[in-house]
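Scroll down for the structure; my scribbles are underneath it.
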Amino acid sequence: MDSSFTTNRRNLLKMAGAGLGALSIPGLLAAKTGDGFIDLRASKTPRKLAGEKHPASDLWLYNGSSPGPEIRVIQGETVRVRFTNELDDPTSIHWHGIRIANAMDGVSGLTQEVVKPGETFEYIFEVPDAGTFWYHAHNKSWEQVARGLYGSLIVDEPSPLVDRRNDLTLVIDDWRLDNDGTFHSASLGGLGDWSHAGRLGNWLTVNGVSQPTFKLTKGETYRIRLINAANARILQIDPSAIGAKVIGYDGFLFDGPRDTNGKVLAVTPAQRVDLLLTPDDASIRKLNDVGDFALQELSGQEALSMALFEFIEPEIEVRKNTSLLLHQNAITKPDLASAKKVSLVMEGGAMGRMGRMMHQGRMMERSDIERTRQMWAFNGVANLGDEPLFRTKVGETIMLSTNNQTGWPHGIHLHGHHFQIIEHNGKALEHTDWRDTFTINRDETVKIAFVADNPGKWLLHCHMLEHAAAGMNTWFEVA
Ligand code: C2O
Ligand code: CU
């Protein structure tokens with residue numbers, strides 16, 4: 001057996017399958033204690049990432065599980081999480097995509113103090129929107145998320161779209177393993193990753209497992225929630241290849257299902273895609289010409305099966321869906337006419353143009369990179385400065401125009417708000433979908449708009465976590 005984990009995706013594929021049973025339910029569910037709190041503990045946990053034949057790695061996990069336990073609540077509910085840090089490092093938890101009260105946003109150093117080793121912090125917040133969200137560490141995220149500190153946060157609609165058994169969460173991660181199949185910790189923080197595409201891995205998992213199989217009953221309708229929890233890999237998928245339609249992004253559902261017709265969908269780190277799939281005999285026959293019922297990751301030179309779907313005959317009565325009306329979250333539309341315009345120029349990184357760059361109030365020299373580890377900038381400023389990108393008052397519409405002058409694609413995440421993408425390279429879009437993270441390729445300009453209605457100091461950063469650490473990180477204030 002070729003032991004190289006770094007060069008050949010096909011080898012990974014071969015190694016994967018053995019010994020993994022069918023898995024139709026995502027990770028375990030977070031249980032509430034008597035006082036209504038969910039207990040979350042971050043700790044070092046040994047895990048055999050690459051299968052039984054390989055040594056275990058010390059991952060950093062919530063409640064010892066990879067991904068962390070799924071937190072499942074109902075729209076409008078108050079979530080109570082008692083978080084205890086059993087790691088040797090300080091940390092905090094961010095509830096990604098939730099339009100949350102600022103003090104609960106979990107950003108170490110901006111919205112709260114770090115939770116030190118041995119300490120407990122209570123997160124108590126309401127969830128205004130239904131949808132697919134996730135939670136992850138937000139202190140040195142580039143290291144802590146890479147080591148496994150993340151999980152799904154699913155907010156159910158008051159009347160869910162499909163039966164709970166037909167509602168699947170797929171948390172996808174891209175790990176970097178050493179030749180012996182253990183977590184590659186020596187390369188954490190490498191300047192090469194920071195200045196290029198970020199930390200890319202060589203071992204894809206779905207719900208902590210390589211290539212799990214999901215058994216889907218013919219004739220029933222499934223909701224499949226994809227969450228990209230990778231540090232930096234942009235997943236590329238073709239939902240139509242398994243007969244699925246796309247029904248929403250980043251927790252917010254569209255007004256109807258969309259057929260992607262073979263067009264590849266990019267899912268950047270932190271983004272979510274919700275799919276709807278009803279395998280019936282006709283569709284299966286059609287799909288069979290294509291091959292396996294596999295959800296593939298297409299960003300590499302060869303397609304890699306992330307998850308397999310086995311379509312099985314119904315044993316009992318098929319659970320039919322009477323209505324597939326997609327629930328719309330209530331959110332105020334931006335008022336473009338009165339919008340405050342903000343522009344953001346992204347610069348830096350390897351092979352990119354780097355103009356003057358400020359860091360902590362000082363002009364940087366090329367020779368400072370080694371020491372400061374800063375190499376990307378928003379409007380000439382690397383990382384958080386004393387001044388925000390902009391200040392605004394509650395209720396104002398912000399129109400943010402981002403121009404990517406780096407040589408790389410990025411995924412930009414706005415904290416505390418959802419926005420609409422209104423223009424791409426100067427052209428209006430067919431759908432102004434709600435998102436919390438947008439993709440921007442090199443030389444592109446993306447215009448987003450949102451109502452700044454959530455008071456506080458909020459982050460705006462690249463969710464390729466190495467890029468954020470190396471400068472693609474700023475903040476804004478809603479007062
Ligand atoms: Cu998902 Cu600032 O993070
Ligand atoms: Cu980036």
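Counting starts at 1 for both ligands and their atoms, in listed order. Computed from a predicted model, the values in this text were never measured in an experiment.
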Assess the side chains of Asp436 and His96: does a donor N or O sit below 3.5 Å from an acceptor N or O? yes

Under 2.8 Å from the Cu ion (ligand 2), is there an N/O/S atom belonging to His467? yes

Once you measure the plane-to-plane angle for Trp95 and Tyr123, does it fall in the parallel (<30°), tilted (30-60°) or perpendicular (>60°) bin? perpendicular

Near atom 1 (Cu) of ligand 1, is there an N/O/S atom from His463 that is less than 2.8 Å away? yes

Would you say His413 reaches atom 2 (Cu) of ligand 1 with an N/O/S atom under 2.8 Å? no

Is there side-chain contact between Lys44 and Leu59, with at least one heavy-atom pair below 4.5 Å? no

Answer key: the N, O or S atom of His136 nearest to atom 1 (Cu) of ligand 1 is NE2

Using only N, O or S atoms, tell me which atom of His96 is closest to atom 1 (Cu) of ligand 1. ND1

Whether the side chain of Arg272 engages the backbone of Ala270 through a donor-acceptor N/O pair (distance < 3.5 Å, no angle test) should be reported. yes

Residues Glu396, Lys341: salt bridge by 4.0 Å N-O rule: no

Report whether any nitrogen, oxygen or sulfur of His415 sits less than 2.8 Å from atom 2 (Cu) of ligand 1 (N, O or S, backbone or side chain). yes

Atom name in His138, limited to N/O/S, at shortest distance from atom 2 (Cu) of ligand 1: NE2

Answer whether the closest heavy-atom distance between the side chains of Trp175 and Ser66 falls below 4.5 Å. yes

Can you tell me, to 10 degrees, how wide the angle at the Cu ion (ligand 2) is between SG on Cys462 and ND1 on His410? 130°

